[in-house]
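Read through the structure below, which is laid out as structure tokens, and then see the notes.
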Amino acid sequence: MAKEAMSELSKLLEEVKDEKSFLLFVKSLIKDRQSPDSWENNTISDFLESSVAWAEDSDFGINQDSELETNKWKQFAVFLYCGKIYE
């Protein structure tokens, strides 16, 4: 089930392009948080530190995906997602 939620979250992340799709992703991220075992960072400070570390390490994701340079909704969604997974 956790793998299913992860693939749904990843799918929604890939589809972020505007305010509506961003909010769908965030709602899915909130739902995913109900299973904290799949999260690397369990406090808000760790979550935000990891998001910032990812942004600094990847030039806010542009080094990983050039689409993020023009799709700011997706760029911020990836920022939040990396708070979940980045160490």
Side-chain angles (χ1 to χ4, degrees):
M1 179 119 176
K3 191 174 186 176
E4 222 174 82
M6 180 66 138
S7 64
E8 177 68 17
L9 189 60
S10 297
K11 179 179 180 242
L12 289 172
L13 178 60
E14 287 304 312
E15 294 174 354
V16 172
K17 64 182 179 301
D18 55 21
E19 181 178 327
K20 184 178 178 181
S21 56
F22 174 77
L23 291 177
L24 282 173
F25 167 75
V26 172
K27 288 176 183 177
S28 182
L29 189 63
I30 291 166
K31 186 177 176 183
D32 183 69
R33 181 65 180 116
Q34 294 172 355
S35 339
D37 294 344
S38 66
W39 285 58
E40 290 296 328
N41 305 295
N42 291 304
T43 66
I44 190 68
S45 59
D46 288 346
F47 174 85
L48 292 172
E49 281 179 21
S50 292
S51 293
V52 169
W54 166 81
E56 292 174 342
D57 291 347
S58 68
D59 193 21
F60 226 115
I62 294 169
N63 294 340
Q64 299 168 336
D65 182 352
S66 61
E67 176 191 1
L68 299 182
E69 196 165 8
T70 56
N71 184 346
K72 297 302 179 183
W73 288 108
K74 186 173 180 182
Q75 187 177 43
F76 190 58
V78 174
F79 175 83
L80 293 176
Y81 182 74
C82 285
K84 168 189 157 88
I85 64 165
Y86 202 75
E87 293 183 65

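Just so it is clear, the structure is predicted and the values come from calculations on it, not from any experiment.
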- request: Take atom NZ of Lys72 as the centre, draw a 6.0 Å sphere, and report whether it contains more than 12 heavy atoms from other residues, nucleotides or ligands.
  value: yes
field: Spacing of CH2 belonging to Trp39 relative to CG belonging to Asp46, to within rounding of 0.5 Å
entry: 12.0 Å
message: Working to the nearest 0.5 angstrom, can you tell me the gap between Trp73 CH2 and Leu23 CG?
response: 7.0 Å
task: State, to 0.1 Å, how close Ser51 and Cys82 come at their nearest heavy-atom pair, and which atoms those are.
output: OG-C, 4.2 Å
Beyond-backbone contact of Phe47 with Arg33, side-chain heavy atoms, under 4.5 angstrom: no
message: Tell me whether Lys74 is salt-bridged to Glu15, with the criterion being a basic N under 4.0 Å from an acidic carboxylate O.
response: no
field: Single hit among Leu13, Asp32, Leu12 for side chain to side chain contact (heavy atoms under 4.5 Å, CB included) with Tyr81
entry: Leu13
- request: May I ask you to check whether Lys84 and Ser38 show a side-chain donor-acceptor distance below 3.5 Å?
  value: yes
task: Determine yes or no for a side-chain-to-main-chain donor-acceptor pair under 3.5 angstrom, with Ser50 supplying the side chain and Tyr86 the backbone.
output: yes
query: Got a second to check how far Leu9's CG is from Lys31's NZ, nearest 0.5 Å?
result: 11.0 Å
task: Evaluate side chain to side chain contact (heavy atoms under 4.5 Å, CB included) for Ile62 paired with Gln75, printing each intermediate quantity in order.
output: CA-CA 9 Å; Ile62 294 169; Gln75 187 177 43; 4.1 Å; yes
message: Strictly distance-based, threshold 3.5 Å: is any side-chain N or O of Thr70 a donor or acceptor partner for the main-chain N or O of Glu67?
response: yes
message: Using the rule that Ile, Leu, Val, Met, Phe, Trp and Tyr join whenever any side-chain heavy atoms are under 4.5 Å apart, tell me whether Leu29 and Ile85 fall into a single cluster.
response: yes
message: So which atom in Val16 and which in Asn71 form the shortest heavy-atom distance, rounded to 0.1 Å?
response: O-ND2, 2.9 Å
query: Considering all heavy atoms of both residues, which atom of Val26 and which atom of Leu80 are nearest to each other, and what is their separation?
result: CG2-CD1, 4.0 Å
hydrophobic_cluster_shared for Phe22 and Leu24, side chain cutoff 4.5 Å: no
task: Kindly compute the distance separating CD (Glu14) from CZ (Phe25), expressed to the nearest 0.5 Å.
output: 10.0 Å
field: Sub-6.0 Å ring centroid separation between Phe76 and Phe79
entry: yes
- request: Could you tell me whether the side chain of Phe60 reaches within less than 4.5 Å of the side chain of Val78, counting heavy atoms only?
  value: no
message: Please report the interatomic distance CD(Glu87) to CG(Asn41), rounded to the nearest 0.5 Å.
response: 7.5 Å
